[in-house]
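A quick note: this is a predicted structure, and the numbers were derived from the prediction, not measured. Below, each value reflects all heavy atoms present in this structure, side chains not excepted, and no hydrogens, waters or symmetry copies.
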Amino acid sequence: MGDIVRVVGRNTIGRVAAVRRSVNGHSIGVEVEGVLSTFIESDLELQEGDPQTPEFWLSSAPASAEMIARTLSWTKIRYPLSDFLYSYAATRTVFKPYQFLPALKILAGSTGRILIADEVGLGKTIEAGLIWTELEQRSPIRRGLIVVPSALVPKWEREMRERFMRPLSILTKANFAAFINELRAGRDPDFIGIVSLHSLRSYGDVISELMSLRPRFDAVIVDEAHALRNRGTKTAAVGEMLADLADHLLFLSATPLNLGSNDLFNLMHMLDPAGYPDPGVFEAQLEPNHLLNKVSQLVSEPATRATGAPREALIELPKREHGRVLTQRSEYKKLQDLLAPEQSIGPREVVQVRRLTNELNTLSTVLNRTRKVDVQEKKALRVVENIEVEWTPSERALYEEIEEFYLERARSRRQPLGFVTQMPLRQASSCLPVARDRFLQRTGWLGKDERDSEYWALDEEILLEESEPASAELRERVIRPQSRDSKLEALRARLRKLRDNQADGVMPKVLLFSFFRGTVEYLVNELAKEFRTGYLHGGVPAKDREQVMDGFRDGDVDILIANQVGSEGLDFQFCHVLVNYDLPWNPMQIEQRIGRLDRIGQRSEKIFILNMSIPGTIETEIIQRLYHRINLFERSIGDLEPIMRQTMDGIERLLLDSNLTPEQRAQEIERQAQVVERNKADVEMLEENSGLLTSVGMLEIDGLTASGPDSGRFVGPSEVASLVDYVMSKYRARISPERDGTVVLNGNATLAVAMNRAVANSGAGSVFGTDFVRRLRDGESILASFHPIESRTDVDLLSSRHPLVRLAVKELAEDPLARPQYGRVKLRNGARSLLALVTLVESTGLTELREFWVTALDVVTEQRDLRIENDFLVALANGGFQSITDAEVDAPRLRRHVTRLFAAEAQRLQDERQLREPDNAALVDARIISQEQTLGFKITKTRTILGDAIRERQDDRIIRMQRGRLANLEAELDRVRTDLEPKRKYVMSARRMAIIEVIA
């Protein structure tokens, strides 16, 4: 019993669990991979030693570099690691270091939740997709929801399918009903897809059922999450439900939250109620961040760096209640050492101080804030040009007649122009022929697109204004036909110039915006006479917008004409010419228009912004003048959104006051511009001094460089290739390299069946669908690549997530002899001989971790070599192991070095535990303090209510209810330490995976 045996002819090793006498000898029960099987005695060979022990590994010949590397690659995928990035080189995205920060934070944190508050255009969708990829690598996502504004549903579906190879359904109420029925029947159904926030909010019965059944969701993503911030609303209730049901929760928002209100607290509380339980506690939790940010600022300035000011600011930290907890963490000790009086502070130390203060930030684990100024991206220069239009006398007269009619009507009512009564003037500024047709046809000025695209909500009074038709007198004035459209002619002339200036004479892609759908349709018809045009507005079904986009991207369309509603959420970084045919009266829509082009992936050095301008119109004289005064077109206004919203909320009524003279309007424009500039300075001051929103420069992201991870903590393409080669060979399938770096796979039915079973059990099948399995089964030639090819969705990306790799991992798990654990290798540029031990280290505390350690010993000095440990990982990820064929094994010397190596590993484990234990304890203390403070507030409030009820002799039921609530709160307070104190114990365990000799 207990002997290790090998099944003859199968290379399968197991442990004898039972022996029974039979007529023909003995039947042997052998446990193989957790399954008990029975064999005839003659079918087994006794295997000396235990294959799981290093002694057993060293008793056999060393494996080749290829085989030992495959074992280590298998380990990295078979046991998902906390400190590895599985999404690197596994998606069709361009590598940007800062986009991995949210993934690193959510993996290292204890809550599984994060608010990504990056500025517009930095790729929050990609950051969320990378997190989804990381989570899915570690555990199948059987239930996941992506909740987004209606207009962004198609974009998310496309991004997840094309960039992350994750096809997701767009969910309807019927899908939710079927899911709920399955749950009520006692089944455990999968449920993954995308739903609009508006739709989900309207499914009242669905929300009630979900709250009653309380199914768990592996991952939930909410885009534009600032919509959830107003407590007590239906939308906030949806957010609270999602937060209750989600194991991992991502909030995305580019809208700066008003830090002076409860906006930020409400979102943080929804994300992590235990960590941020009460507004009063939240203020105290943020206090240390002011000091930490001050330290970072002082050390960044040469004038204050050497004065001791940073150290003096740090000394204040223990005086804050939540600051005292931070002083127990190792990062604080490192800061003290870096800022000690005897230490000199150079550029390297400045980077370290900034990184440490960021890590100590009390929001750092659950909030990510990256600004464009932090990432040092090469930005396209915005080149602004005004195309001034000279109207004919007839056109000018028509506009002035329209203007005078509405101004006179406003004066007679003693009112400024309302929202809808501005529309005729705005439409006339946009396109006189369309305005004239609207008058003659007696159609409304405000279509659904225009209503949906305005920043502010429309009230009933405004909507009533629209129902008032233009008078017969005005219609008589405009009935005279216009022989020319000077604005259209000016546009045509500029477009021709654009085309003629191209060396090849090919028209560059142009994105043209108008606020009005009528103008969009008019321009499509007119420009189509000379240019290839396409259009997007609210009348284009979402499913058809993809085809329009594809045509524009692929060069079938030269000019895409769109309004705000039609282009919402779409990215046009392949285009660098923008035409504003007219201007929206919401400045954020200008930023959104430009942001469609000026975003990650824009390869042009310049973005041309062409603004059509007609002197004498309200659009040019008021709105365009204000926008130019505050440089709205030249710079991103990101954090100015709340300011601009406040400024523009009342400016249209003031500026369109029919009693103002032109000089008074000009003065008011200047005054409003100065208000914007002052408020902008206030926002910048807040961003610099508050330290509330964590941000970090690209060069400060540990382990990441501009070209990729520098620590080897990822699964490299060469590792994936080795695993795919193994499984293709095992099933007698073919893999053939092509000249362009791709490969061609030709499978067979046996491989397809095996892969289907493997991915069905792992949950990976839904990632790539069944089409790949079918093509393998049918022996089709499948074009694939081990390297991301962003623009080629027809090429299968072979990464650690691919079903072929999943099958290889499964096969290797069942075949220990195919993954040897002792080998000899040579590293490229390796100058010394070393012995390396690879270990899986698991840690438990407030956060559970699993890490991949390499402990290396210089065989000459018998000292641990820290540098080679990183080099080893890099070589593994990049295919840098080379085989050794001519060196003999010195067994006694090897065993002596292994003994010392094990001692070095044990010491490292002890040192790391001593370093991490205070950090874990500090995190536990912080959680205890915040929860006790919150419960203390609630208990005090409940005691006050109870005292008032008793004193006022209120109903006994109310008194009993408050007494019960008080008892529950006090019991909950007593449990806080009982629940959290066990997590103070920090335990680390090590599992040895391989021993490798590195030969110089």
Could you tell me whether a side-chain N or O of R113 sits under 3.5 Å from a main-chain N or O of L271, the two making a donor and an acceptor? yes
Would you check if the side chain of R143 reaches a backbone N or O of V220 as a donor-acceptor pair within less than 3.5 Å? no
For a quick test of reading the model, state the closest non-hydrogen atom pair linking F282 to L363 and the distance between them. CE1-CD2, 4.1 Å
Kindly compute the distance separating CD1 (I192) from OG (S169), expressed to the nearest 0.5 Å. 9.0 Å
Does any N or O in the side chain of S196 come within less than 3.5 Å of the main-chain N or O of S199, such that one atom is a donor and the other an acceptor? yes
Does A236 have any side-chain contact (heavy atoms from CB on, under 4.5 Å) partners at least two apart in sequence or in another chain, and if so, which? T233
Identify the two heavy atoms, one from L367 and one from K105, that lie closest to each other, and give their separation to 0.1 Å. O-NZ, 3.0 Å
In the structure I gave you, are the side-chain heavy atoms of F714 and S800 within less than 4.5 Å of one another anywhere? no
Just by modelled atom types, is the I77 backbone N or O under 3.5 Å from a matching donor or acceptor in the Y86 side chain? no
If you measure from OG on S330 to CG on N920, what distance do you get to the nearest 0.5 Å? 11.5 Å
Strictly distance-based, threshold 3.5 Å: is any side-chain N or O of D223 a donor or acceptor partner for the main-chain N or O of V148? no
Any side-chain heavy atom of L923 within less than 4.5 Å of one from R927? no
Check this for me, if you would: do E331 and R355 make a salt bridge, where the nitrogen-to-carboxylate-oxygen distance has to be below 4.0 angstrom? no
Within the 6.0 Å centroid threshold, strictly below: F265 and Y276: no
Within the side chain of R320, is there an N or O that forms a donor-acceptor pair under 3.5 Å with the backbone of L317? no
Heavy-atom nearest pair, G129 first then M160, reads CA-SD, 4.3 Å
Among all residues two or more places apart in sequence or in another chain, which pass the salt bridge (charged side-chain N to carboxylate O under 4.0 Å, His left out) test with R142? D188, D190
Polar side-chain atom of D272 near backbone of H269 as donor-acceptor pair, under 3.5 Å: no
Is the shortest heavy-atom distance from the side chain of L200 to the side chain of F176 under 4.5 Å? yes
Please check if the side chain of Q602 supplies one atom and the backbone of C575 the other of a donor-acceptor pair under 3.5 Å. yes
Partner of D598 under salt bridge (charged side-chain N to carboxylate O under 4.0 Å, His left out), picked from R382, R603, R593, is R382
Within the structure provided, determine whether W132 and L250 are in side-chain contact (heavy-atom separation under 4.5 Å). no
How many angstroms lie between CD1 in I141 and OG1 in T133, if you round to the nearest 0.5 Å? 8.0 Å
Sequence neighbours excluded, the answer for salt bridge (charged side-chain N to carboxylate O under 4.0 Å, His left out) partners of R201 is none
Closest heavy-atom pair, I116 versus I131, reported as atoms and distance to 0.1 Å, is CD1-CD1, 4.1 Å
With a 4.5 Å cut-off on side-chain heavy atoms, are L228 and V222 touching? yes
Considering all heavy atoms of both residues, which atom of V238 and which atom of L197 are nearest to each other, and what is their separation? CG1-CD1, 4.1 Å
Could you give me the CA-CA distance, side-chain angles and deciding distance for Q285 and T362, then say whether side chain to side chain donor-acceptor pair (under 3.5 Å) is met? CA-CA 7 Å; Q285 287 175 304; T362 55; over 6 Å; no
Is there side-chain contact between D218 and H248, with heavy atoms separated by less than 4.5 Å? no
How about S296 and N293: does a side-chain donor come under 3.5 Å of a side-chain acceptor? no
What is the distance from atom CG of D925 to atom CD1 of I929, rounded to the nearest 0.5 Å? 6.0 Å
Q931 vs L980 side-chain heavy atoms within contact, under 4.5 Å: yes
Do you know which two heavy atoms are closest between M270 and G239, and how far apart they sit? SD-C, 3.5 Å
Does a side-chain N-to-carboxylate-O contact under 4.0 Å join E136 and R801? yes
E157 and R161 ion-paired at < 4.0 Å: yes
Within a strict 4.5 Å, meaning less than it, do heavy atoms of the N368 and D118 side chains meet? yes
Would you say the side chains of E359 and S364 form a donor-acceptor pair under 3.5 Å? no
Look only at the side chain of E134 and the backbone of S87, and say whether a donor-acceptor pair between them is shorter than 3.5 Å. yes
Mind checking the CG-CG spacing from D919 to L846? Nearest 0.5 Å is all I need. 11.5 Å
Are the aromatic ring centres of F84 and F852 under 6.0 angstrom apart? yes
Working to the nearest 0.5 Å, report the span between CG of L536 and CG of L511. 8.5 Å
